[in-house]
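A short worksheet on the structure shown next.
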Amino acid sequence: MRATEILIEEHVMIKQVLNSLSRAKEYIENGKLPSKSFFEKAIRFSHDFSDKFHHFKEEFLMFGILAQKKKGYLDWEIGALRYQHERCRKCIKEIEAAVNGNIEENEILTTTLLENIAMYISILQRHIYQEDNVFLPMVEKLLPEEEKQFILEQFSKEEDRIGGKNMYESCKKLADELAAMIEDENILIEKT
Ligand SMILES: [Fe+2]
Ligand SMILES: [Fe+2]
């Protein structure tokens with residue numbers, strides 16, 4: 001598999017989780033709160049897969065090399081992608097703080113949870129769209145095959161460093177569990 005294809009495939013898994021979070025958002029908007037364990041799994045997925053496994057490869061390997069290639073011409077655009085990664089991390093921190101608080105009793109925490117889920121989904125959807133449709137095609141077009149091969153090798157080293165195939169499989173399991181959980185009405189608490 002090519003390095004760009006690996007990232008596109010990982011985006012599919014991230015979008016699966018965004019879909020589950022989107023369902024959770026609709027429930028909250030309509031007076032029902034998914035259980036704490038749903039959010040704990042979503043937070044774990046975001047830390048382990050989106051940040052450690054995926055964003056790191058983009059920020060420090062692929063887009064770094066692309067920026068060098070374009071000699072400063074893409075600095076703003078790549079800076080924006082990094083900024084979006086940071087904003088997503090901030091949303092997850094806020095989501096974590098809200099679900100660890102007394103959210104069942106506290107409407108302000110529920111509002112914090114809702115606004116950060118909405119922001120997280122929205123920023124990450126646009127971010128993935130831009131990567132899939134602008135940046136990854138640019139990598140394919142601008143980088144010679146040997147550089148793409150070099151990136152692929154770096155990806156593999158980096159993945160091994162953070163748990164390799166086991167890490168990928170456990171994150172896939174989390175994504176599937178989240179999708180199944182949000183279909184189960186027993187995880188919902190009345191929160192009007
Ligand atoms: Fe990204
Ligand atoms: Fe990405």
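All ligand and atom numbering here is 1-based and tracks the order in the structure. Small disclaimer: the values here were computed from a predicted structure and weren't measured. What you see below is based on every heavy atom in this structure, not just the backbone, and it leaves out hydrogens, waters and symmetry mates.
Around the Fe ion (ligand 2), the angle linking Glu131 (OE1) with His11 (NE2) is 80°, rounded to 10 degrees.
Criterion: ILVMFWY side-chain heavy atoms under 4.5 Å apart, direct or through other members. Under it, Phe56 and Ile6 are not part of a common hydrophobic cluster.
At a cut-off of 2.8 Å, His127 does not coordinate the Fe ion (ligand 2) through any N, O or S atom. The Fe ion (ligand 1) has an N, O or S atom of His85 inside 2.8 Å of it.
Residue-level check: among N/O/S atoms of Glu58, OE1 sits closest to the Fe ion (ligand 1).
When every heavy atom of Ala3 is checked against every heavy atom of Leu152, the shortest pair comes out as N-CD1, 3.7 Å. Taking each heavy atom of Tyr120 and Ser50 in turn, the nearest pair found is OH-OG, 4.1 Å.
Looking at Gln154 and Lys157, their side chains come closer than 4.5 Å, going by heavy atoms from C-beta outward.
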